[in-house]
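To find a chain, count down the sequence lines: A is the first, B the second, and so on, and within it residues start at 1.
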Amino acid sequence: MPDKPSLDGIEAKWVDAWDESGVYHFDRTKSREDVYSIDTPPPTVSGSLHIGHVFSYTHTDTVARFQRMRGKAVFYPMGWDDNGLPTERRVQNYYGVRCDPSIPYDPDFTPPAKPDPKKQIPISRRNFIELCDRLTAEDEKVFESIWRRLGLSVDWRHTYATIDTASRTAAQRAFLRNLARGEAYMAEAPTLWDVTFRTAVAQAELEDRERPSAYHRVAFHRHDGTPVHIETTRPELLAACVALVAHPDDERYQDLFDTTVRTPVFGVEVPVKAHRLADPEKGSGIAMICTFGDTTDVTWWRELQLQTRPIIGWDGRIVAEPPAGIDSPQAREAYARLAGATVHTARERMVELLRASGDLVGEPKPITHPVKFYEKGDKPLEIVTTRQWYIRNGGRDEEVRSALLERGRELTWYPGHMRARYENWVEGLNGDWLISRQRFFGVPFPVWYPLDADGNPRYDEPILPEEAALPVDPSSDVPPGYTEEQRGVPGGFMGDPDVMDTWATSSLSPQIAGGWERDEDLFQRVFPMDLRPQGQDIIRTWLFSTVVRSHFEHATLPWRNTAISGWILDPDRKKMSKSKGNVVTPIDLLEKYSSDAIRYWAASGRLGTDTALDEGQMKVGRRLSIKILNASKFALSVAGEDTVPDPAAVTEPLDRAMLAALADVVDDATAAFEGYDHTRALERTERFFWELCDDYLELVKARAYDTESAAGASARAALLIALSALHRLFAPFVPFVADEVWSWWQEGSVHAASWPEVAEFRAAAQDGDPAVLAAASEVLRSVRKVKSEAKLSMRAEVERVVVRGKQVDRARLAEADIASAGRAGAIAFESSDDAELRVDVTLPEAEQ
RNA sequence: GGGCGGUUAGCUCAGUUGGUUAGAGCGCUACCUUGACACGGUAGAGGUCACAGGUUCGAAUCCUGUAUCGCCCA
């Protein structure tokens, strides 16, 4: 035990000690009922680790440590999400390269020493992926060192990355099984499309953003020449118009239904249709349907069985060839003015054309309205018809939807109201889950297609690998029965060029971490897992998709409980995000306040509750840590050599009272943890500890130094018993300082010790009554108050203390301790009817 | 527009099934170097529990409505 305990260097010391002792290693000899398994969120390593991660991962770690101390074998792996677009972007910027799949692999490629992000060097897909692998390996080291320093009790032998071999294998195997069971399918359909990244995106990745726009009033023409006015925010799509639509009950348009009108400028005949989704309040009540301006267009197109006239290409520009129906020389000439233009430019030109033809009525009316964006993109999404892979998720199937809603009800949510987010989302799904992405760094689809005599792929006859061959990369591996020479030639084959969305892999995290079909012995010990901890922002993505996969593959929930952490808000209560530039990186805070102090702050935030970044709380955490060091040092130094407490030696009523109060705390903290209320467990423990330090320690201090009497032995035994409980109660929250003080007097790590059993403390407390401690503390506080008001030292002598009230008998049981702690020459107890204690303190003449 | 959550001291938050005088920490003020702790300790000031009704012997707590903030969905 050091003379002057300190937090300096405590992290380095214990990180190494824990690594060497393997105290957090998962004991895989245990069977499922003795295991507590955690489906840890794999952080995106190409992003920076910020204080919000520290917050939620600390919540999980307190649970892991509690369960471990309760005797469970805790399966607490760590994954890295390195797969996907964020990594691609980081690699592009970091090395100054971009992926061009048409370039052949260069085994000698080295990235430029001084990358110029403005002149990215095109490299092959394989070279690009090698750079992704290289950089993520570096990023993962940084993350791991911060996690270790934060004291996460992860078993570092169980790590995975969402792009590693095991993950690719699992993702491909699960996909093939989905396909075999009809849960995955390919379809050519209108798809939400990001023109910047040139990839399809899923409903779960959308967000609405308010954008300025304008209503353009445009005249269509009946056969008799009279105009029909529509209003549109997307005049550039006029060439893609396939119909007009109004509400079936709209009086104004009854005579138009099932007739045709001509589009302005292009003169295309389009039908006028009735549909309930047309809003009579919006604009003129009649709208043009284009293929495709928004998701409502898709619905109309599908339900009204309209023609298809797509004009927007994969690059977000107007395609060169006019769609069917634009036949006249004038129409073709007008279309030629738009071809090749961006949407923005095309809109300007279309407006000019409409002005010139006299079909634009008045001036465009500026509005702002919500526009759909890919959450990582910065241009509005377009809708492009493409061939994509989907997994069913209930978006088109009532039976699946209600089964998944039922799964949501089976799951225990902490806090419970987060289930509403899940139900909201599932009920609002409007399509299946689109899982293919036209990107490079991801898990490829394990699929090839035969090429017909003209070199066209036969999508309806996909060639699939055997599961034993997984993982495969169809762009370099050859399908069964073919040779590499047949790649891309008529009569040969081609690999599916797409990769899976990141969520299609990370939705299998319980299977990947748990060794599904790779280590079945492990898998049956850990799956379904006990806990899925995660942020509230990814309920619709990660949580939901994991439920979907497990539902299909295992017909069970992937976990029993989910714990949802809130946001971290900056001190001004704004949500932290990179775009706001208010993200705080944790390393400086860890250094400034200590890991335990940061953990204390994090653990003070309840599940599901947004929490402000509060350095004040971190300071409190640091103070608590130091207090634990000092109070432990005191208790152990008065105990001397004899650090094995004998419960039978606790005979004094005050000591028993303290232990009875402690037993209540153990009870409470245990129940709180069992209900995933780590904050309450901490709060109860902490309050007891401070009261112990402020009052009990002061009351028994003199007695505890007395090695002659039984009363002295009672105090020392009680102190050690309390210390033993507190070290363990604090261990999930402040693991560094807890193991430090534990090591001063115990064998082994506190983190391998057993969680305090309430019976142990009730037995030691015997007939102890917490009210005795409360009464004695109150008298002591009154004495201190008088001294403080007289501006005296706490050591100042007091001439006389008189205690009155109904409770005097309780206080009297600690008479000697009160007199000693208060430095009172005389103390008298007078029974009276006062419900509360009244304490009169007389100071010596000289001090008054 | 629908849903969820919040609103308690200057700040950050507790407040268990309704029950005496609504608590804690930070910050602030004053004092104290006491044999664990100055990286400390003791004490003090500080609240119309968002607002309006209602239920009740009794409401921060239950009910209804309103305001306001945040989030999710459309």
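Proximity note for A/Asp208 (side chain, C-beta onward) versus B/G25, B/A74, B/C72: the nearest is B/A74. With B/A43, B/C39, B/C71 as the candidates, the nucleotide lying closest to the side chain of A/Ser788 is B/A43. Closest approach to the A/Met794 side chain among B/C72, B/G27, B/U34 is made by B/U34 (side chain taken as heavy atoms from C-beta onward). Closest to the side chain of A/Glu698, out of B/C71, B/C37, B/G44, is B/C37. If you check B/U34, B/C72, B/U12 against the side chain of A/Arg795, the one that comes closest is B/U34. Each of B/C72, B/A30, B/C39 was ranked by its minimum atom distance to the side chain of A/Asp8; first place goes to B/C39. Here B/G70 is the nucleotide among B/U12, B/C39, B/G70 with the atom lying nearest to any side-chain atom of A/Asp610. Of the listed nucleotides (B/C26, B/G41, B/A14), B/G41 has the atom at the smallest distance from the side chain of A/Asp694. When distances run from any side-chain atom of A/His417 to the nucleotides B/G5, B/U34, B/G25, the shortest one goes to B/G5. For A/Trp425, the listed nucleotide lying nearest its side chain is B/C73; candidates were B/G25, B/C73, B/G70.
Using Watson-Crick or G-U wobble geometry with both donor-acceptor distances under 3.5 Å, B/G70 finds its partner in B/C4. When both pairing distances are held under 3.5 Å, B/C39 makes no Watson-Crick or G-U pair with any nucleotide shown. Across all strands shown, B/A52 forms a Watson-Crick or G-U wobble pair, both distances under 3.5 Å, with B/U64. Pairing of B/G18, defined by two Watson-Crick or G-U wobble distances under 3.5 Å, is not identified with any nucleotide. Look at B/C28: its Watson-Crick or wobble partner, with both distances under 3.5 angstrom, is B/G44. Nucleotide B/G58 has no partner under the Watson-Crick or G-U criteria, as no pair reaches both atom distances under 3.5 Å. With a cut-off of 3.5 Å on both pairing distances, the Watson-Crick or G-U wobble partner of B/C13 is B/G23.
Counting non-hydrogen atoms under 4.0 angstrom, A/Glu427 reaches nothing in the nucleic acid. Within 4.0 Å of A/Glu686, counting heavy atoms only, lies no atom of the nucleic acid at all. A/Leu697 comes within 4.0 angstrom of a base, heavy atoms only. Across all strands, A/Arg606 comes closer than 4.0 Å only to sugar-phosphate atoms, never to a base (heavy-atom distances).
Judged by distance alone, with hydrogens and angles left aside, A/Arg781 brings no side-chain donor or acceptor close enough to the base of B/U42 to form a pair under 3.5 Å. Judged by distance alone with a 3.5 Å cut-off, no donor-acceptor contact links the side chain of A/Arg421 to the base of B/C72.
Nearer the 5' end of RNA chain B, as judged by each residue's closest nucleotide, is the contact made by A/Gly616, out of A/Asp695 and A/Gly616. Nearest-nucleotide positions on RNA chain B for A/Leu629 and A/Lys791 put A/Lys791 closer to the 5' end.
Side-chain N/O atoms of A/Asp817 and A/Ser820 include no donor and acceptor closer than 3.5 Å. Side-chain contact check for A/Trp742 and A/His727: no donor-acceptor pair (N or O, by modelled atom type) lies under 3.5 Å. Side-chain contact check for A/Ser777 and A/Arg781: no donor-acceptor pair (N or O, by modelled atom type) lies under 3.5 Å. Residues A/Arg532 and A/Thr546 bring a donor and an acceptor atom of their side chains to less than 3.5 Å of each other. Under 3.5 Å, the side chains of A/Gln617 and A/Ser604 contain a donor-acceptor pair of N or O atoms. Side chains of A/Ser625 and A/Asp596: no donor on one and acceptor on the other come within 3.5 Å. A donor atom on one side chain and an acceptor atom on the other are not found under 3.5 Å apart for A/Gln534 and A/Trp542.
Between A/Lys4 and the phosphate of B/C39, there is no side-chain N or O to OP1/OP2 separation shorter than 4.0 Å. For A/Lys787, no side-chain nitrogen or oxygen approaches OP1 or OP2 of B/A30 to under 4.0 Å. Side-chain N/O atoms of A/Arg784 include one lying less than 4.0 angstrom from OP1 or OP2 on B/A43. Using a 4.0 Å cut-off, some side-chain N or O of A/Gln203 falls inside it from OP1 or OP2 of B/A74. For B/G40, the OP1/OP2 oxygens have no side-chain nitrogen or oxygen of A/Lys627 closer than 4.0 Å. A/Arg540 has a side-chain polar atom (N or O) that falls below the 4.0 Å cut-off from OP1 or OP2 of B/C73. At B/C26, one or more side-chain N or O atoms of A/Arg623 fall inside 4.0 Å of OP1 or OP2 (strictly under the cut-off).
If you take atom P in B/U42 and the same atom in B/C37, they sit 14 Å apart, rounded to whole Å.
Applying the ring pair (Phe, Tyr, Trp, His ring centres under 6.0 Å) test to residues at least two apart or on different chains, the pairs with a partner in residues 665-689 of chain A are A/His59-A/His678, A/Phe66-A/Phe673, A/Tyr414-A/Tyr676, A/Phe673-A/Phe733, A/Phe673-A/Trp755, A/Phe689-A/Phe730.
Rounded to an integer number of Å, the gap from A/Lys619 NZ to B/C28 C1' is 12 Å.
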